[in-house]
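Reading through the C-alpha cells given below for one structure.
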Amino acid sequence: MKLLTEAIEKDQNFCSHSKWEDVGLGQCLEKLQIYPEKTSETNGAQRFLPFHFHQMLSGYVAGGDNDFYLPKDEKLIKDIAGISKDWITIHQTDPKQMLFIDFLLYQTQIHT
C-alpha cells in the first residue's frame with residue numbers, strides 16, 4: 001500500500017480509470033511489479049468471493065464458464081464449501097447488505 005500511495009502522490013494519473021475497480025487496481029499494481037498470489041485455501045474455498053454471497057451459498061452462479069478469474073489448476077466450488085471461513089470480500093454486495101453482514105458479525109449474540 002505504501003508503494004501504491006507513493007506512486008499516486010507523485011503522479012495522480014499513475015492509475016488509469018477502469019470500469020472494474022479490481023481490474024484497475026491490478027493494473028496499477030502491475031506497474032509497480034506487484035503480482036497477485038493464490039489466496040484460496042488448499043481445499044479450493046475462496047477468500048475473495050467473485051459473486052454475490054447468495055449465489056455462492058446456493059451454488060447458482062449464472063453464466064457459462066465462471067472459473068475465468070481462478071488459476072488454471074482451480075475450479076470454482078459452487079456451494080457453501082466454496083466459501084472460506086476466513087473470507088475477505090464479497091463481490092456484488094451493496095452497502096445495505098454489507099451493513100447487515102456487519103450487524104450479524106459484530107452486533108449480535110447467539111443465545112443458548
Side-chain angles (χ1 to χ4, degrees):
M1 291 308 300
K2 182 179 178 186
L3 293 174
L4 183 60
T5 302
E6 289 172 352
I8 293 171
E9 286 176 347
K10 287 179 186 174
D11 177 7
Q12 290 183 351
N13 296 315
F14 182 78
C15 294
S16 58
H17 176 74
S18 174
K19 182 177 179 179
W20 300 283
E21 80 287 347
D22 50 353
V23 171
L25 180 58
Q27 291 169 338
C28 281
L29 294 175
E30 184 176 40
K31 286 182 177 181
L32 295 169
Q33 297 183 336
I34 298 171
Y35 302 98
E37 293 185 15
K38 186 175 178 176
T39 59
S40 60
E41 294 182 3
T42 55
N43 67 358
Q46 300 296 313
R47 290 185 179 97
F48 294 89
L49 305 180
F51 303 101
H52 195 280
F53 62 86
H54 75 81
Q55 291 174 304
M56 294 291 292
L57 288 172
S58 69
Y60 175 73
V61 179
D65 180 13
N66 290 299
D67 297 333
F68 61 88
Y69 73 97
L70 296 173
K72 296 204 181 300
D73 62 339
E74 279 189 58
K75 288 290 182 191
L76 180 64
I77 301 170
K78 299 175 184 173
D79 63 21
I80 196 165
I83 301 173
S84 169
K85 292 186 185 334
D86 298 316
W87 61 271
I88 296 170
T89 64
I90 306 172
H91 267 72
Q92 301 176 3
T93 303
D94 67 44
K96 288 180 183 179
Q97 292 167 331
M98 291 303 274
L99 286 171
F100 183 64
I101 292 169
D102 181 84
F103 172 77
L104 291 176
L105 289 173
Y106 303 112
Q107 306 299 321
T108 59
Q109 294 179 13
I110 298 174
H111 295 280
T112 55

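The figures here come from the full heavy-atom set of this structure, side chains too, leaving out hydrogens, waters and symmetry mates.
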Using modelled atom types and a 3.5 Å cut-off, is there a donor and acceptor pairing between side-chain atoms of Q97 and backbone atoms of D94? yes
Is it possible for you to say whether I83 and L104 belong to one hydrophobic cluster, with membership spreading through side-chain heavy-atom contacts below 4.5 Å? no
Please find the pair of heavy atoms, one from A7 and one from L32, that lie closest to each other, and give the distance. CB-CD2, 4.1 Å
Using 0.5 Å steps for rounding, measure from the CD atom of Q107 to the CD atom of Q109. 10.0 Å
For a 4.5 angstrom cut-off between non-hydrogen side-chain atoms, does T39 reach S84? no
Crowded around Y35 OH? As in, over 12 foreign heavy atoms under 6.0 Å? yes
Do you reckon L99 sits in the same ILVMFWY cluster as L49, going by side-chain contacts under 4.5 Å, direct or chained? no
Verify, without hydrogens or angle tests, whether Q46 (side chain) and G44 (backbone) share a donor-acceptor contact under 3.5 angstrom. yes
Other residues, nucleotides and ligands only: do more than 12 of their heavy atoms fall within 6.0 Å of CD1 on I34? yes
Same cluster or not: I90 versus F100, using hydrophobic residues (I, L, V, M, F, W, Y) connected whenever any side-chain heavy atoms lie under 4.5 Å apart? no
So, do I101 and M98 sit near enough that their side-chain heavy atoms are less than 4.5 Å apart? yes
Heavy atoms only: give me the nearest A81-A45 pair and the separation to one decimal. O-CB, 3.5 Å
E41 and K85 have their tightest heavy-atom pair at OE2-N, 4.0 Å
Output the distance between atom CE (M1) and atom CG (L4), rounded to the nearest 0.5 Å. 5.5 Å
If you count heavy atoms of other groups shown closer than 6.0 angstrom to CZ of F14, is the number above 12? yes
